[in-house]
Amino acid sequence: QAGTTPTTCMFSATPTSVATIPASGGSTAFTVSASPSGCSGGSWAATVSDSSWMSLSSPGGTTADSVTVTYLANTSTSARSGTVTIAGTSITINQAAASTCTFTATPTSVATILASGGSTTFTVSASPSGCSGGSWTATVSDSSWMSVSATSGTAGSSVTATYLVNTSTSSRYVTATIAAQS
């Protein structure tokens, strides 16, 4: 008895939709299936629409397989989208925008400075983790006797406030405003 001539494989990919990728990046595993059962021959290909932030573990093949698509972090404050095409199935990929940074400075108060002067180091922290964009400034209310080492920034940093010697017998007061905190 003669055997059945194998049928050429038809390939398909799952899943056919992907939840929004977080700004921090990640990956999706796709399964490439061949049908009908017992088929042979044929091939499939995998591509991405934007290789600057998406990459493939495999460009294609001739048998059932899996493909992992990896997404780099989105440091922009704008969401982005692209397409992954596997075995003729196009899957839209949406990636969230990076969160704009909120900056805070610590400490929020300083003990009385000695008449001989000195300095205080403030830590400027950005949140949430992995944020991008935004800026902070540092100013003083009286620059005749107090200065800051950095007057602005777009990332976490440290700011050193330096106080000159007070030669007067009177106390004096100044306000430093760092990352909108006085």
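No hydrogens, no waters, no symmetry mates; every other heavy atom, side chains included, goes into these values. Nothing fancy with the numbering, it's 1 onward along the sequence.
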**Request:** Apply side-chain hydrogen bond (donor to acceptor under 3.5 Å, both in side chains) to T83 and list each qualifying residue two or more places apart in sequence or on a separate chain.
**Result:** none

**Any pair counted as side chain to side chain donor-acceptor pair (under 3.5 Å), so long as it reaches residues 92-107, sequence neighbours left out** = R80-Q95

Output side-chain donor-acceptor pairs under 3.5 Å for residues 169-181, partner residues at least two apart or in another chain, one line each.
from	atom 1	to	atom 2	distance (Å)
R172	NH2	L164	O	2.9
R172	NH2	V165	O	3.1
T177	OG1	S182	OG	3.3
Q181	OE1	A105	N	2.4

**Prompt:** Where do V84 and M54 land on the side chain to side chain contact (heavy atoms under 4.5 Å, CB included) test, with the steps shown first?
**Reply:** CA-CA 9 Å; V84 173; M54 297 186 288; 4.2 Å; yes

**Pairwise disulfide (SG to SG under 2.5 Å) hits with a residue in residues 152-182, at least two apart** = none

**Item:** Residue pairs passing the side chain to side chain donor-acceptor pair (under 3.5 Å) test where at least one lies in residues 145-156, sequence neighbours excluded
**Value:** D142-W145

**Item:** Partner set under side-chain contact (heavy atoms from CB on, under 4.5 Å) for A45, not counting sequence neighbours
**Value:** none

**Fill in**
Those residues at least two apart in sequence (or on a different chain) that pass side-chain contact (heavy atoms from CB on, under 4.5 Å) with S119 are T160, T162

**Asked** Is the closest side-chain heavy-atom distance between F103 and T137 below 4.5 Å?
**Response** no

**Request:** May I ask you to test the V159-T121 pair for a side-chain heavy-atom distance under 4.5 Å?
**Result:** no

**Fill in**
To the nearest 0.5 Å, atom CG of L72 lies from atom OG of S52 at 8.0 Å

**Request:** State, with a plain yes or no, whether a side-chain heavy atom of W53 is found less than 4.5 Å away from one of I93.
**Result:** yes

**Complete:** Contacts of T63 meeting side-chain hydrogen bond (donor to acceptor under 3.5 Å, both in side chains) (sequence neighbours excluded), chain-then-number -> none

**Asked** Tell me the disulfide (SG to SG under 2.5 Å) pairs involving residues 71-127, sequence neighbours left out?
**Response** C101-C131

**Complete:** Sequence neighbours excluded, the answer for side-chain hydrogen bond (donor to acceptor under 3.5 Å, both in side chains) partners of T120 is Y163

**Item:** Nearest-0.5 Å distance that lies between atom OG in S66 and atom CD1 in I86
**Value:** 9.5 Å

**Complete:** Taking every heavy atom of A138 against every heavy atom of A150, the minimum-distance pair comes out as CB-O, 3.3 Å

Could you give the side-chain donor-acceptor pairs of residues 11-36 under 3.5 Å, partners two or more places apart or in another chain?
from	atom 1	to	atom 2	distance (Å)
T28	OG1	Y71	OH	3.0

